[in-house]
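To keep things clear, I will list the structure first and then write my remarks on it.
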There are 2 protein chains.
Amino acid sequence: MGTKIIGREKKYGAHVFDVYALKVELPNGKVRSYDLVTHVPAVVIVPVTDDGRILFVEQFRMGAGATLLELPAGVLNGDAGSEDALEGARRECREETGYDADSIERIGGFYMTPGYCTEYIHVFLARGLKKSPLPQDEDEFLKTIALPIDEAYRRAESGEMEDVKTIAALMFAQRKIRDGK
Amino acid sequence: MGTKIIGREKKYGAHVFDVYALKVELPNGKVRSYDLVTHVPAVVIVPVTDDGRILFVEQFRMGAGATLLELPAGVLNGDAGSEDALEGARRECREETGYDADSIERIGGFYMTPGYCTEYIHVFLARGLKKSPLPQDEDEFLKTIALPIDEAYRRAESGEMEDVKTIAALMFAQRKIRDGK
């Protein structure tokens, strides 16, 4: 029982993902073709300032054809994303918001689209922020936006935010930064 | 200003997605190549029973290489997902949980991985459930699991759930089904 991969052929190699055509054997014994995207792991950070704001970034996203409000995030560096996730979170936070964190802790992680893609995102909560910018990727065009914690959660609950990792990461941070107030 | 697509070549056609190599012109005038996955739209449903439980499904997911607990969900039918989203939500709920809903309302939607994929998921809250099964896809192997509302939110906040659409959809439903208690 269980689903077994019995064949695997690479169909396309992109910058952060590859596409494979698989042959799989289902629990009922049937053999099916199956397309799988393999993607390097990534991180998303909930950066909370000492005065009770959460830092977001706004950027144009090709998949949405629109500008979205998101938590800072990015793929891990190194071969197949071998960079340590906590180091990657600290780096992305500095690159995208200009702040380093005295305290950074992993509060969970999730699969993005496990039906057809391997991408997994680790979620970090960053506190004790101090100005310490790293240069941004030269092809990224980001605007940083600070929202009071209550306003951020109002938007995340009401459907005004449209980036799924941002909404789910705020859910993980909820008990630590919202309910404790 | 803004990012413009100036070239587009199809690289791979899969069952629910296609892969395109784009040429884009960035706001700084530079031309870059960019890989984009186009994916049909989908729905996810938060089905709440009259006795205060949320219905989930458990299934093996190729992208995770593991069995995940998720809200019922699926892609819209028809050419490029042309099925009405509310009809699709009602259908998926019946197929995956065996229940139809007296009341079903859209409570939001989100982009899954807008950096490289167009996939958008509409979120529905379903109440007034009554037994009315549709046949499952013959290649799907699902187990339905009912969790009390409090237990579902405890797992979603604690990091025990690892499917991002499930966590974010519960965030949208929170004010309607949790805080009102």
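Below, chains carry the letters A, B, ... as their sequence lines are ordered, and counting in each starts from 1.
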Hey, which of G159(A), G65(A), A14(A), A64(A) has the most heavy atom pairs under 4.5 Å with chain B?
A64(A)
Give a yes or no on whether K130(B) atom NZ has more than 12 heavy-atom contacts from other residues, nucleotides or ligands under 6.0 Å away.
yes
Pick whichever of L170(A), T118(A), V164(A) has the most heavy-atom pairs under 4.5 Å with chain B.
V164(A)
Using a 6.0 Å cut-off, check whether atom CG of N28(B) has over 12 heavy atoms from anything other than its own residue.
yes
Would a 4.5 Å heavy-atom cut-off, applied to side chains only, mark D35(B) and F17(A) as touching?
yes
Identify which part of S33(B) has an atom lying under 4.5 Å from any heavy atom of chain A, answering side chain, backbone, both or neither.
neither
Between Y116(B) and E119(A), do the side chains contain a donor N or O and an acceptor N or O under 3.5 Å apart?
yes
Using the rule that Ile, Leu, Val, Met, Phe, Trp and Tyr join whenever any side-chain heavy atoms are under 4.5 Å apart, tell me whether L68(A) and Y120(B) fall into a single cluster.
yes
Gap separating the CD1 atom of I5(A) from the CE atom of M62(B), nearest 0.5 angstrom
5.5 Å
Group every Ile, Leu, Val, Met, Phe, Trp and Tyr by side-chain heavy-atom contacts under 4.5 Å, then state whether F124(B) and I149(B) land in the same group.
no
Bottom line for S158(A): the part with an atom under 4.5 Å from chain B's heavy atoms is both
Name the member of A42(A), A156(A), G108(A), A21(A) that forms the most heavy-atom pairs with chain B at distances under 4.5 Å.
A156(A)
Contact between Q174(A) and M171(B) at the side-chain level, heavy atoms closer than 4.5 Å - yes or no?
yes
Which atom pair, heavy atoms only, marks the closest approach of I167(A) to F172(B)?
CD1-CZ, 3.6 Å
In Å, rounded to the nearest 0.5 Å, how long is the span from CZ of R154(A) to CZ of R175(B)?
7.5 Å
Pairwise distance OG1(T3(A)) to CZ(F60(B)) - rounded to 0.5 angstrom
5.5 Å
Are Y12(A) and V37(B) linked, directly or through other ILVMFWY residues, by side chains that come within less than 4.5 angstrom of each other?
yes
Distance-minimising heavy-atom pair for T113(A) and M112(B):
CG2-CB, 3.8 Å
Examine L36(A) and V16(B) and state if one hydrophobic cluster contains both, with Ile, Leu, Val, Met, Phe, Trp and Tyr joined whenever side-chain heavy atoms are less than 4.5 Å apart.
no
Heavy atoms of other groups near D51(A) CG, more than 12 under 6.0 Å:
yes
What do you reckon, is NZ of K30(B) surrounded by more than 12 foreign heavy atoms closer than 6.0 Å?
yes
Ranked by heavy-atom pairs below 4.5 Å to chain B, first place among A66(A), A173(A), A73(A), A168(A) goes to A168(A)
Would you say H15(A) and Y34(B) make side-chain contact, with heavy atoms under 4.5 Å?
no
Counting heavy-atom pairs under 4.5 Å with chain B, which one of R32(A), E70(A), M161(A), Q59(A) comes out on top?
R32(A)
Does any backbone or side-chain atom of Y111(A) lie under 4.5 Å from a heavy atom of chain B? Answer side chain, backbone, both or neither.
both
Honestly, the part of V123(B) sitting under 4.5 Å from a heavy atom of chain A is neither
Going only through I, L, V, M, F, W and Y residues with side-chain contacts under 4.5 Å, is there a path from I107(B) to I177(B)?
yes
